Each structure stands twice: as C-alpha cells, then as structure tokens.
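Here the structure comes first, spelled out in structure tokens, and everything after it is commentary.
Convention: sequence-line order gives letters A, B, ...; per-chain numbering from 1. Note that the structure is a prediction, hence the values are computed from the model and not measured.
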Amino acid sequence: MDPSEVEFLAEKELVKIIPNFSLDKVFLIGGDLGPFNPGLPIDVPVWLALNLKQRQKCRIIPPEWMDVEKLEEMRDLERKEDMFTPVPSPYYMELTKLLLNHASDNIPKADEIRTLVKDIWDTRIAKLRLSTDSFISQQEAYAKLDNLTLMEINTIRAFLLDTLNCMYKLRSNVQ
Amino acid sequence: MFIADIRKDFYEVVANQRVVLLVAPDIDALCACKILQALFHCDQIQYTLVPVTGWQDLGTAFLEHKEQFRYFVLINCGANVDLLEMLQPDDDSIFFICDTHRPVDVVNVYNDTQIKLLIKQDDDLGVPSYDDIFRDEDEEGEDSGNESDEGSEPSGKRRRFDEGAVERRIERQRAKREWEARRREILFDYEQYEYHGTSAAMMFFELAWVLTKDTKDMLWWAIIGLTDQWVHDKITNMKYVTDIATMQRHVSRHNHRNEDEENSLSIDCMRISFEYDLRLTLYQHWSLYESICNSCYTSCSFKLWTLNGQKKLQEFLADMGLPLKQVRQKFNSMDMSIKENLRDVIEESSNKYGMKDIRIQTFGVHFGFKNRFLASDMVHATAALLESAEKDDSETDNFIKALDALSRSNIDRLHSGIELAKKKLIAIQQTVASCLCTNLILSQGPFLYCYLMEGTPDVKLFSKPMALTLLCKYLLKAFVLSTRNKRCKLLPLVMAAPKDVEKGTVIVVGIPPESETSDKKNFFGRAFEKAAESTSSRTLHDHFDTSIIELKTEDRSKFLDALITLLS
C-alpha cells in the first residue's frame with residue numbers, strides 16, 4: 001500500500017467546520033452531507049473540508065485531540081509504556097499533516113502540535129522497530145501488537161514481509 | 001462606461017460564464033491576474049489566460065477567441081484606444097477593462113453597451129463632458145429640410161425668407177465650425193499627456209474585499225502591484241503615499257488576529273508588516289555595499305561613476321562605523337550588532353550627505369523561518385524574470401515563469417529572479433556610468449538624446465521596454481545631478497537601443513523631465529506618432545505605453561530631426 005492511499009482513506013474521517021454559505025442537503029453515494037448554514041458548525045469528511053477551505057468557504061475547527069495539553073499527556077504516556085498506547089485517532093498522523101498544511105491559520109499553536117505529534121510518532125516507530133527486531137532474533141512465530149495505526153503498519157509491511165521471505169529462503173537452503 | 005458596483009456588474013455577470021483574460025506584460029497586470037485567478041478558482045469560473053505583448057497580439061488573440069467567448073477581461077491594456085474600432089467585435093462581445101493607462105479614450109467612456117471600465121470614476125480622470133465631444137446629427141437634417149421647403153416658395157416673399165434662411169444657415173455653420181474647433185482643442189488637451197492611474201491589482205483586491213474573499217496572499221499581490229508602479233516611476237509620490245495608507249488599513253485588519261498571544265499563528269503563515277525601510281534595492285538578498293553601489297538613489301547622490309564619488313562612499317561607510325569586511329559580505333551573514341540599528345544609523349549618516357529620503361514607506365512579508373521579502377524585492381525579481389533575455393524562452397514562457405514566481409510555493413523561482421535582477425541592476429549602473437563618462441547623452445534642443453550602440457555590453461537586456469525605461473530614468477537622474485548646464489536639467493530624455501539585429505530595428509523610449517514634483521505626465525506618445533507620420537518613417541507603435549515605439553535603424557536620423565522640429 002502506498003502512503004498516499006492511506007492518506008486517501010484518512011480523508012474519510014469526519015471533522016467539524018463552520019461554513020459561510022448555505023446549501024441544501026446533498027445526497028452522495030457515500031452518505032448524506034447535511035444542509036449547510038452560514039455560521040453553524042457541521043461535521044463533514046476531511047476531503048470536503050479541505051476543498052471548502054481552499055475555496056475560502058469555511059473555517060475548520062481542530063478535532064478535540066489536537067490540543068497541546070492532551071497531546072503532551074499522550075506523548076508522556078507513550079514514552080513511559082513499553083507497549084503501544086491507545087492513539088487519539090486511527091489516522092492521527094495523516095490528519096495532522098493535512099489539517100496543518102491547509103488550515104494552520106485555524107489551528108492554535110500549530111507548530112507545537114506538529115512537534116508533539118512527531119514525537120509520538122517517533123516513539124511508536126521506535127517501539128515497532130524494537131519489537132520487530134526481537135521478533136526476528138528470537139525467531140518467534142506469532143506477535144500481537146495492539147493499537148497500531150494503518151500508517152505505522154504500512155511503513156513496515158513491505159520491508160518486514162520481504163525480509164521474512166528472504167530469511168526463510170536462506171534457512172531452507174542451509175538445511 | 002464606468003462600472004458602479006464591481007460585484008454586481010462584473011463578478012456576478014461572469015460568474016457562470018467562460019471568460020478570456022488578456023493580460024499586459026507588466027508586474028501590476030501580473031498581480032491583478034493572480035488575484036483574479038484566485039477568485040475564479042474559489043468559485044470555479046472557467047477562464048483562458050492569454051498574455052498579450054502589444055496591440056497586434058491583442059488583435060490576434062481576440063480573433064482567435066471571439067467565436068467561443070463572449071466576455072473578455074483586459075488587464076492593463078485597452079483603455080487608451082478606441083477598442084471597438086480596433087477590434088471590430090460582434091455586438092454581443094463584452095469587454096471589461098481594468099487599465100492604469102490614462103487618458104481613457106472618450107469612446108470607451110461613453111459607450112454604454114460593450115465596454116465596461118473597471119476604473120473608479122474619481123480617479124483624477126478629467127474626461128470631457130459628453131456634449132463637448134459628441135453632437136447629435138439631427139440638426140444637420142433640419143437645416144437642409146428647411147432650405148428645400150423654403151426654396152419652393154413663390155418669389156415675392158421668397159427673397160425675404162431667403163435672406164433670413166441664408167443668414168441662419170451661415171450662423172449654424174459658423175457655430176458648428178466653432179464647436180468643432182473647440183472639440184478638437186478639448187480632445188487635444190485631454191489626450192496630449194499620458195499618465196497612470198490606480199493600480200489594477202488594487203482594484204481587483206477591492207473586488208475580493210467586497211466579496212469578503214480577500215486573503216493575505218491577495219493583499220500581498222495588491223501591494224506588489226502598487227510597488228511596481230512606484231519602482232517604475234509611473235505614479236507621483238503623493239499618490240503612492242495615499243495608496244500605501246489604503247493598503248495599510250487592510251494590512252492592520254489582517255494582522256489583527258496575530259496579536260493574540262495565547263493562540264499565536266504558525267510560523268508558516270504569511271505575515272505582512274508595514275516597514276519604513278531603506279531605499280536600497282535588494283539589500284537583504286545582497287551585500288550592503290553592492291546594494292548601495294547599484295541602487296539608483298544612492299548611486300546618483302554619491303555620483304559613484306566618479307573617483308570623488310567612490311571616496312565619498314568610503315567616507316560614508318566610515319562615518320557609520322561599518323567595517324568594509326562586514327559590509328561586503330552577504331547581508332544575512334553580517335553581525336547582528338550591526339544589523340540591529342542599521343536603518344537608523346544609515347538614515348542619520350545619509351542626512352549628512354544630502355540624501356533626505358533614504359527611507360521609504362513600504363511593506364514586507366515574512367513566512368517560514370528563512371523567507372523575508374520586501375515588496376520592491378519581489379517587483380525587481382519578477383520584472384527580471386518577465387524580461388529575461390534568454391534565447392530559448394518565448395515571451396509566453398517568461399510570462400508564466402514570472403507569474404509562478406509570485407506564488408508562495410515557488411520560492412526557488414523567486415530566488416532565481418532575484419539573481420537575474422541583481423545582474424540587471426549591475427548592468428544598468430555600468431551602462432549609466434559609461435554613458436556619462438563618454439558623454440553619450442547629447443542635447444538636441446528640446447530634449448536630450450542617447451543611443452546605445454550595438455556592441456555595448458548587456459545591450460540585449462535593454463531591448464526590452466521595462467528594462468530600457470528603468471535605464472532611461474536612472475540615466476536622466478544621474479545626468480541631471482552631474483551636468484552643470486542649468487537648461488539641460490529640465491529637459492526630457494529620449495533613448496534608443498537596438499531591439500532586433502536581424503530585422504534592423506531599434507526601440508525608442510521617451511520619458512518626461514526629472515523634477516521633485518513631477519506629475520509623471522508623458523507627451524512623447526503623440527509626439528512620436530506625429531514625427532513618424534511627417535517623415536513616413538517605418539515605425540511600429542505596438543506597445544501599450546504609447547511612449548515606447550519600434551523604429552527601423554535607417555530611419556532614425558530623419559525621425560529625430562522631425563521630433564526636434566516638432567518639439568521646438
């Protein structure tokens with residue numbers, strides 16, 4: 001899977017916006033997009049929110065977890081625990097990138113949030129690497145990892161599967 | 001016809017239509033085009049962008065697109081000629097013209113159906129009133145009708161009637177001749193001087209503001225459009241200051257949100273700030289020394305083409321306590337202690353050397369950690385890109401490159417533009433120095449004249465109108481400060497440079513005389529036309545600024561003689 005495909009899937013998540021135009025209910029294949037009234041907040045998928053933002057038709061409200069204190073707590077918790085802690089959102093990395101690239105003027109303290117999310121990501125990837133390392137060196141057959149997000153799995157998937165295949169070939173040739 | 005409500009009469013009319021944007025090759029037009037493109041993107045209005053370099057280009061573009069499009073938006077072109085006569089459009093083509101060229105042609109002003117001018121009516125236009133120029137034709141018909149009736153009367157009374165009728169007819173003809181003479185005079189006065197009005201970019205920014213779709217990007221483009229008019233000396237100082245004040249109000253409005261300490265904006269957001277900054281071109285992207293040597297204001301005040309001038313410059317730097325080593329390195333690498341108070345220190349010292357206006361009101365932008373630009377930096381960089389004399393690039397390519405450089409995402413292009421601008425400025429200063437030292441500027445009586453020979457270094461740069469005009473202005477300023485002849489100081493300057501070696505043409509530019517309170521009105525447009533007519537020289541008045549023409553090299557001397565006789 002390509003990272004851009006994961007990002008595409010992430011764009012289905014809902015985010016709150018405040019539109020400045022009015023439109024009746026729109027019926028799309030994926031679901032209904034409810035009537036838009038200027039000044040009233042409404043939940044829409046991220047892809048629509050970004051498109052409207054670029055056309056200056058709305059203001060994006062950051063999701064609840066995108067807050068400096070909450071992210072600091074999560075980062076500290078992540079650093080303490082050995083296992084993976086629950087994530088703020090299954091697509092936290094992609095949403096941060098999309099929202100901060102296109103709507104950073106609507107998100108307070110955008111720079112700190114970017115740093116905190118990167119810290120959380122780095123810690124989790126480091127844990128993932130450690131656990132993969134121990135999985136291979138101890139020649140385990142089974143591993144259980146909770147709370148991993150699709151993006152993190154995607155970073156390691158291709159590499160891990162190929163290496164395991166190669167190692168299997170090497171082992172079977174030796175024997 | 002002037003548009004009263006730009007939103008209702010322009011934007012909502014084109015809202016669901018496809019439009020053609022015909023854009024002239026100057027920075028103000030580029031900025032206006034960018035703002036309009038951004039608005040069109042927001043509302044998904046389909047448009048075709050056609051850069052036009054002159055009247056012929058405009059005609060060709062119109063012919064290509066007139067079948068498919070009804071609405072044409074002309075930016076910085078088209079207001080100063082009778083557009084309907086030139087293009088011969090169908091009755092349903094509508095033209096929206098946003099042009100800074102003045103005077104606006106009277107036919108364009110008084111046409112109610114096809115020509116809509118996106119110009120403010122109080123923009124010091126001085127348009128003659130309708131009755132002074134246009135007269136209904138009915139009165140002619142009455143005259144001849146009366147005469148034929150009275151001619152068939154029986155003879156007795158006829159004689160008396162005849163005399164009365166003849167007298168009235170003579171009276172009417174005299175009145176008509178008088179009216180026509182007055183009309184010619186009024187039109188001559190109105191169209192004699194060419195000047196510039198409010199920036200097109202500012203007009204479109206106001207449209208965006210009225211639609212409440214204005215962003216900081218658009219504001220920055222409007223500021224660049226205004227600064228372009230100032231850098232290329234198109235508007236008076238007074239107008240520049242007034243327009244800066246208008247922009248300052250918009251800037252404060254946009255900066256209102258930055259003030260909140262709790263929710264400070266990301267560093268990547270664009271921040272525009274009002275600066276009372278030095279008049280040294282590109283000094284933040286160059287070394288201070290180079291910038292002082294190559295900026296028109298300082299170079300002319302010190303007279304840096306003389307040895308004395310160089311000495312004065314060294315004294316100036318010593319007076320400020322700036323070590324030469326610091327001053328010659330890149331500005332960003334100078335010591336912080338020097339950079340902190342640089343503006344005030346320079347202002348104090350320059351007052352001693354007679355440079356009272358070393359600081360000018362302008363705006364700067366700041367986004368990301370590295371990117372800081374002043375409005376004049378952007379103007380010079382974009383102008384250098386627009387007129388880059390590379391062999392392989394067509395004019396459309398240059399236009400697109402320059403347009404791209406204005407976006408925030410194309411910083412590389414902007415930096416390459418800055419490098420080109422530095423080369424251009426150095427070339428200008430060297431040419432000015434060589435022209436003055438070799439006395440290439442000759443006084444021809446009513447004006448000064450200078451011809452750049454073909455072998456002059458960098459002469460290819462000066463085959464482009466904007467670069468040549470800039471050179472012209474710098475040369476005139478430098479000449480006025482260096483000559484002792486009092487009469488020569490008040491003369492305008494005509495400059496010629498080779499344009500196309502194969503075709504054997506030169507480009508001729510005329511600029512008004514240099515003065516503190518100049519109103520920047522240029523009469524060379526009409527003068528060139530008349531001189532070309534009287535000598536039947538082969539000229540091409542293709543440029544939107546009528547004071548820039550192309551001329552065959554062989555006809556140069558007779559054209560000049562005609563010009564001299566015309567103006568003396």
Side-chain angles (χ1 to χ4, degrees), chain A residues 15-23 26 28 33 36-40 44 47-72 93 95-119, chain B residues 7 11-12 15-16 34-47 204-205 207-222 250-251 253-272 365-371 407-409 411:
Chain A
V15 74
K16 228 186 227 333
I17 63 162
I18 299 184
N20 61 16
F21 61 100
S22 58
L23 190 62
V26 179
L28 304 177
L33 291 176
F36 294 91
N37 293 307
L40 296 181
V44 292
W47 58 267
L48 182 62
L50 291 179
N51 181 283
L52 291 176
K53 173 76 185 160
Q54 284 170 331
R55 288 161 59 190
Q56 293 165 56
K57 286 190 171 350
C58 76
R59 190 160 69 89
I60 295 188
I61 298 183
E64 277 152 12
W65 53 265
M66 209 178 258
D67 172 61
V68 177
E69 281 113 20
K70 291 208 182 104
L71 286 174
E72 271 178 357
M93 192 63 187
L95 286 181
T96 315
K97 172 178 167 288
L98 286 168
L99 292 178
L100 288 181
N101 277 350
H102 296 279
S104 59
D105 49 339
N106 290 148
I107 299 175
K109 302 208 180 141
D111 296 330
E112 281 129 344
I113 289 178
R114 208 190 289 258
T115 324
L116 287 167
V117 168
K118 186 85 170 63
D119 284 342
Chain B
R7 186 211 310 220
Y11 201 67
E12 288 179 8
N16 295 319
K34 274 289 227 209
I35 296 179
L36 199 56
Q37 276 182 314
L39 284 175
F40 282 170
H41 285 159
C42 281
D43 289 318
Q44 296 176 332
I45 298 175
Q46 294 181 318
Y47 65 93
F204 283 121
F205 178 73
L207 168 66
W209 181 42
V210 163
L211 295 168
T212 58
K213 288 203 160 89
D214 56 324
T215 58
K216 285 199 187 140
D217 279 303
M218 291 187 199
L219 178 57
W220 181 235
W221 290 325
H250 288 292
V251 168
R253 185 170 53 89
H254 275 272
N255 280 343
H256 188 58
R257 278 191 302 160
N258 290 2
E259 301 304 313
D260 198 354
E261 272 310 308
E262 292 240 332
N263 300 329
S264 53
L265 280 185
S266 158
I267 197 79
D268 286 328
C269 286
M270 192 182 225
R271 285 174 169 79
I272 304 177
V365 77
H366 177 201
F367 49 92
F369 287 104
K370 264 205 308 185
N371 302 311
S407 305
R408 260 197 292 159
S409 40
I411 298 294

Original post:
What is the distance from atom CD of Q56(A) to atom CG of L39(B), rounded to the nearest 0.5 Å?
Top reply: 7.5 Å
Subject >> Value rounded to 0.5 Å, distance of CD in Q44(B) from CZ in R55(A) >> reply: 4.0 Å
Subject >> W209(B) atom CH2, neighbour heavy-atom count above 12 within 6.0 Å >> reply: no
Subject >> Heavy atoms from other residues, nucleotides or ligands near CD of Q54(A) exceed 12 (cutoff 6.0 Å) >> reply: yes
Original post:
Quick one: does D105(A)'s side chain get under 4.5 Å of M270(B)'s, heavy atoms only?
Top reply: no
